[in-house]
There are 2 protein chains.
Amino acid sequence: MKLLTKNTDYAIRALIELTVHKEEYLSARSIANKQKMPFQFLRSIMQELIKYKIVSSKEGVKGGLKLIADPAKIKIVDIIRIFQGEIELSDCMFQQKICENRKTCVLRKEIKRIEKLVENEFGKLTVKGLVKKISKQEKGGK
Amino acid sequence: MKLLTKNTDYAIRALIELTVHKEEYLSARSIANKQKMPFQFLRSIMQELIKYKIVSSKEGVKGGLKLIADPAKIKIVDIIRIFQGEIELSDCMFQQKICENRKTCVLRKEIKRIEKLVENEFGKLTVKGLVKKISKQEKGGK
DNA sequence: ATAAACTGATGCTATATTAGTATCAGTTTG
DNA sequence: CAAACTGATACTAATATAGCATCAGTTTAT
Ligand code: FES
Ligand code: FES
């Protein structure tokens, strides 16, 4: 069981990179090299983030990607939603007894509760939060 | 994003069924009919549960499956582990900066924390617990 | 003794998701 | 005008999920 898929994972790392170099345009190529991600894959990921107005892009030499959203407001759960969709029950069909009634189904109710918990936790994590923790760690580690 | 896959889901429902009819042998066919699950799929699922000594089987007419584990001790997380493996990071490779060091990687640390939380929650849920909730609900609903 | 209802073992197929690649057109800069 | 970039789009490959089929053997009722 995986909580994060690669595209989510790469997106987060790229966003961290872009947060560290805010105001600059970083090319997909340079991010891919730095973070050792597959270049074309990263490109498709960044195109998604552009659609969602999280980053903007500039074409041509010296072009690249730039963060436009506030990293303090980019929640990890948002990124998960973009690349993995909503956290959802294993689309359980209405069966007898246990699932007689979706509204009252016990199993469903419990899973929903845990899902909310996960969403909530990933909602508390932001790109900026991660960056902060990284820099703290770097200082502390010296 | 799905927290439970079908095999886990079916396994749980079957176990609930077996708990309700404890001491009896229920055939895979009858469980599949009752819960509207694909018969052969359920059979392969039950074979797994037999391997793990959660249910036992009897061959021949009047044979079938019977619960042998204590339903109060069958945690939902155990079933998840059997069919979906351990909850794991999107096997993140050791990258620069963010993942320079797996031990100290911030992203990893946060995800691990949430994973533990999920595991813990699914560890608190047991088959018996679900059955209890169902019967409460049925009484209350009258 | 034999047919029907069952599991054991095993191997297969179908579908969906995840991961990644490739290509061509257009833009910007030196 | 070439090199370094993105936009758009379409494709492939790998893996995981979901499910089906078959044959051998066991038990029970008749
Ligand atoms: S309605 Fe989905 S688990 Fe019951
Ligand atoms: S080591 Fe995996 S997220 Fe960093």
Side-chain angles (χ1 to χ4, degrees), chain A residues 1-11 13-14 18 24-33 35-53 55-66 68 79-80 82-93, chain B residues 1-11 13-14 18 24-33 35-66 68 80 82-93:
Chain A
M1 188 197 206
K2 262 184 231 167
L3 248 34
L4 300 195
T5 51
K6 293 273 164 126
N7 41 13
T8 307
D9 190 273
Y10 292 158
R13 291 175 208 291
L18 287 171
E24 282 174 66
Y25 280 102
L26 297 185
S27 71
R29 180 81 66 183
S30 71
I31 298 174
N33 287 344
Q35 292 280 340
K36 272 151 201 149
M37 302 163 183
F39 169 62
Q40 291 293 2
F41 193 21
L42 180 62
R43 250 167 52 80
S44 69
I45 290 167
M46 296 319 278
Q47 290 197 346
E48 275 298 292
L49 294 181
I50 291 165
K51 273 190 204 158
Y52 284 89
K53 316 262 188 198
V55 309
S56 70
S57 63
K58 190 186 152 193
E59 287 176 281
V61 181
K62 300 269 170 185
L65 294 317
K66 195 182 64 168
I68 46 172
I79 310 302
I80 294 177
I82 291 173
F83 295 105
Q84 309 182 39
E86 283 292 326
I87 299 178
E88 275 206 334
L89 304 200
S90 72
D91 64 348
C92 47
M93 61 309 300
Chain B
M1 188 196 205
K2 262 184 231 167
L3 248 34
L4 300 194
T5 51
K6 292 274 164 123
N7 43 13
T8 306
D9 190 273
Y10 292 158
R13 290 176 209 292
L18 287 170
E24 280 175 66
Y25 280 102
L26 297 186
S27 71
R29 179 81 67 183
S30 70
I31 298 174
N33 287 344
Q35 292 278 341
K36 272 150 202 151
M37 300 162 184
F39 169 62
Q40 291 292 4
F41 193 22
L42 179 63
R43 246 160 62 74
S44 69
I45 290 168
M46 296 319 278
Q47 291 197 346
E48 275 297 292
L49 294 181
I50 290 166
K51 273 189 205 160
Y52 284 89
K53 315 265 189 198
I54 293 172
V55 309
S56 70
S57 63
K58 191 185 150 193
E59 286 177 280
V61 181
K62 300 268 168 185
L65 295 314
K66 196 181 65 168
I68 46 172
I80 293 176
I82 291 173
F83 295 105
Q84 309 183 38
E86 284 292 329
I87 298 177
E88 275 205 332
L89 305 200
S90 71
D91 62 349
C92 47
M93 61 307 301

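Note that the structure is a prediction, hence the values are computed from the model and not measured. Labels below follow one simple rule: chain letters A, B, ... track the order of the sequence lines, proteins then strands, and each chain is numbered from 1.
- Put simply, the side chain of B:Ile82 reaches to within 4.5 Å of the side chain of B:Ile54, judged on heavy atoms.
- The nearest whole Å value for the distance from the CE atom in A:Met46 to the P atom in D:dT9 is 19 Å.
- In terms of heavy-atom proximity, A:Tyr25 sits nearest to A:Ser57 at CE2-C, 4.0 Å.
- Side-chain contact check for B:Val55 versus B:Met46: some heavy-atom pair is nearer than 4.5 Å.
- Toward the 5′ end of DNA chain D lies the nearest nucleotide of A:Val61, the other residue of the pair A:Val61 and A:Ala28 mapping further downstream.
- Mapped onto DNA chain C by nearest heavy atom, B:Ser27 and B:Ser44 fall at different nucleotides, with B:Ser27 at the one closer to the 5' end.
- B:Leu3 and A:Met1 get closest at one heavy-atom pair: O-CE, 2.9 Å.
- At whole-Å resolution of the value, NZ in A:Lys58 and C1' in D:dG7 are 16 Å apart.
- Separating the CG atom of B:Leu4 from the C1' atom of D:dT17 is a distance of 14 Å, rounded to the nearest angstrom.
- Atom CD of B:Glu88 and atom C1' of D:dA16 are 15 Å apart (whole Å).
- Two residues are said to be in side-chain contact when any heavy atoms from C-beta on lie closer than 4.5 Å; A:Thr8 and A:Ile80 meet this criterion.
- Think of the region where chain B sits on DNA chain C: with heavy atoms and a 4.0 Å cut, that region ends 5' and 3' at C:dA4 to C:dT10.
- In plain terms, the two heavy atoms of A:Leu42 and A:Ala14 that are nearest each other are CD1-CB, 4.1 Å.
- Of the residues near DNA chain C, A:Thr8 and A:Gly60, the one whose nearest nucleotide (by heavy atom distance) lies more toward the 5' end is A:Thr8.
- The A:Arg43 side chain lies nearest to D:dG7 when the options are D:dT27, D:dA18, D:dG7.
- Taking atom CE of residue B:Met37 and atom C1' of nucleotide D:dA18, one finds them 14 Å apart after rounding to whole Å.
- Between A:Lys6 atom NZ and D:dA14 atom P the separation is 15 Å, expressed in whole Å.
- Computed from coordinates, the B:Asn7 CG to D:dC20 C1' distance equals 15 Å when rounded to whole Å.
- Across A:Phe83 and A:Ala11, no two heavy atoms sit closer than the pair CE1-CB, 3.5 Å.
- In this structure, A:Phe41 atom CZ and D:dA10 atom C1' are separated by 16 Å, rounded to whole Å.
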